[in-house]
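Report on the following structure.
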Amino acid sequence: MSKAVDPAGVPGLDRGDKELAKYEGKAKRMIGRWAGIRGPARQNNTPTEGVYSREGIENDNEELVVEPSRSIPIHARCDVLVVGGGPSGLSAALSAKRAGADVILMERFGCFGGCITTVGMETLAWYRYEGTVDTEGIGIEMERLAASMGGTIKWPYNESECLDADFFKVVADHLVKSSGVRPLLHSWAVEVIMEDDAIKGIVMESKSGRRAILAERVIDCTGDADIAHMAGAEYKKTAKDEMMGVTTVFNASGVDKSKFVKYTEENPATYQDWSRTWDQETTGKEDSLRSPYLDREFEIARQKGVIPAKETQDIGGSWSALTNAGEATNLNLAHLSNIDCTDVEDLTKAEMEGREQAMYALQALKGVVPGFENAKLRNFGMTIGTRDSRKIIGRYNLTSEDVRNEARFDDTIGIFPEFIDGYNILILPTTGRYFQVPYGCTVPPRVKNLLVGGRCVAGDKTSHCAMRNMMACTVTGQGAGVAAAVSLKEAVSTHDVDVKLVQKELLRQGVRIH
């Protein structure tokens, strides 16, 4: 059998020729799929992942300066410090407070809400097609509160809610203020305070200067395992050229809603259409479900010369909420690959190139999509949307087998439906299947009294495609928050806490664990 060769990989071509060859190869595949021709099955190659810790990545070739030793003020003390105020951090802080702990919730931006409010991703749980058995806990509570406050709109093709990303800042403020959690915004953790192998707090930078926060327990909800990394925990990172891409989310105004909706009804997209852009694995049951997806439109725009061909190969994706005021929000269309979101140079490149790609996407929509003729940019998200970076090595590391085959655990802290989205895999939970989430995936064995919530919990690449989703982040956040508070009550470390007592408190808080 002859082996297909990617033209972009042919030696002797310069960068421009390679980009053109890549475009031509992709266009050929897309045209074939439009004609109903299916290509070869996607190869599930062994992922390139490394195991790292802080001690093992110091670069001897970097120029160094020595910071002078100095004393810094103690800004605050608390029982539980939660670093990162996104869905996992909010859930961790609220649950720890409800379990009786004195809690500080610290966030680097000027609002809580994380990926919702800073990136503009509106759906905590867009996967709710008929047949889904969903999680229960603070994530659902947040969504219902937003709806009761008038801050949601129905997602296009199932019963999921689209959150108003800006209004969710108000929802998050209400949750924090009404709970008694102590908020701290505009504060960035830059170092940890350790005593042997136990974490005792963090050093943070803010407009008030460099200060310390001392805490009996710390929960890392940074998304990138920043605190775990600084504390010396081991973690995995996928090779940069295999990491999931980053996205600049943007919103448009001036959209003729009825005209656009009519267009999408006359040109319906399904999840099978995602395979025109990615060699996607599904179970087959997803293929015929409706999806708010756009990608043919960008190919037409290239053919018409509305946007340049070579520079726009990663444009395509989903739309979300449409308001009666003519706003199209959460336009998830401008993607960049080969970005390490723990590298400041890569982040700088992604922010700037992402905005450029978003403007190309809007230009294409205006040129070829009915209803967008008079659209204009309303705003970008506050920061680039990221999906993939550090994942801790945990007491237990979730696997593809776990999230695909309804895993059950003695130390379960919640459930999550069989929803996998990433690395060219899309599985929707339409059969009622779900897996249990173990406490062990939040526990870094090398560091006592530190727990991790959110997308950086322990697991392989496929399990990450489940656990990175925002509703799953609320599950690990709430579990970590309760475990931290219970360990304090019992005067034991987070390594030694009685999981049955943690489960008892989670059940009291309305969490489904089985």
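Note: hydrogens, waters and symmetry copies are ignored here, and every other heavy atom, side chains too, is used.
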Quick one, M243 with I339, criterion side-chain contact (heavy atoms from CB on, under 4.5 Å). Give me CA distance, side-chain angles, the key distance, then yes/no. CA-CA 7 Å; M243 284 181 176; I339 298 293; over 6 Å; no

Please determine whether the number of non-hydrogen atoms from other residues, nucleotides or ligands lying under 6.0 Å from atom CZ of R446 exceeds 12. yes

F419/W126 aromatic ring centres below 6.0 Å: yes

CE of M352: more than 12 outside heavy atoms within 6.0 angstrom? no

Would you check if there is a donor-acceptor pair between the side chains of Y423 and D388 at a distance under 3.5 Å? yes

With no hydrogens and no angle check, just 3.5 Å: does a side-chain donor-acceptor pair link T247 and H335? yes

Might you point out which heavy atoms bring P417 and T132 nearest each other, and give the distance in Å? CB-CG2, 4.2 Å

Side chain proximity check, Y129 to N158, heavy atoms < 4.5 angstrom: yes

Using a 3.5 Å distance criterion without hydrogens, assess whether the side chain of R54 forms a donor-acceptor pair with backbone atoms of M230. yes

Side-chain donor or acceptor of Q313 paired with backbone N/O of A309 under 3.5 Å: yes

Are R210 and V203 close enough that some pair of their side-chain heavy atoms sits under 4.5 Å apart? yes

Side-chain donor-acceptor contact under 3.5 Å, W274 with S291: yes

With a sphere of 6.0 Å drawn around CD of E159, does it hold more than 12 non-hydrogen atoms of other residues, nucleotides or ligands? no

Cut-off 3.5 Å, side chains only: do T329 and E122 have a donor facing an acceptor? yes

Residue pair R455 / K391, side-chain heavy-atom distance below 4.5 Å: no

Taking all atoms of both residues into account, what is the closest heavy-atom pair of A189 and I227, and its distance? CB-CD1, 3.6 Å

Take a 6.0 Å sphere around NZ of K154 and say whether it holds more than 12 heavy atoms from other residues, nucleotides or ligands. yes

Does the side chain of D287 pick up a donor-acceptor pair with the side chain of T282 at under 3.5 Å? yes

Given side chains that start at C-beta, do those of N330 and M121 come closer than 4.5 Å, heavy atoms only? yes

Give a yes or no answer on whether the side chain of K177 reaches the backbone of V181 with a donor-acceptor pair at less than 3.5 Å. no

Could you walk me through whether F416 and M471 pass side-chain contact (heavy atoms from CB on, under 4.5 Å), step by step? CA-CA 8 Å; F416 191 66; M471 192 61 82; 4.0 Å; yes

Residues S253 and E327: side-chain donor-acceptor under 3.5 angstrom: no

Do D134 and Y127 have a side chain donor and acceptor closer than 3.5 Å? yes

No-hydrogen, no-angle side-chain donor-acceptor test under 3.5 Å, D224 and T222: no

Are side-chain N/O atoms of N251 and N379 paired as donor and acceptor at under 3.5 Å? yes

Which atom of N397 lies closest to which atom of A458, heavy atoms considered: OD1-CB, 3.1 Å

Can you spot which of K349, K237, R387 makes a salt bridge (Lys or Arg N to Asp or Glu O under 4.0 Å) with D340? K237

Within-4.5 Å side-chain heavy-atom neighbours: E191 and I202: no

Are the side chain of S400 and the backbone of T462 linked by a donor-acceptor contact shorter than 3.5 Å? no

Is a side-chain donor or acceptor of D346 paired with a backbone partner of D343 at a separation under 3.5 angstrom? no

I'd like to know if the side chain of S53 reaches the main chain of E234, judged simply by a donor and an acceptor atom lying under 3.5 Å from each other, with no hydrogens or angles considered. no

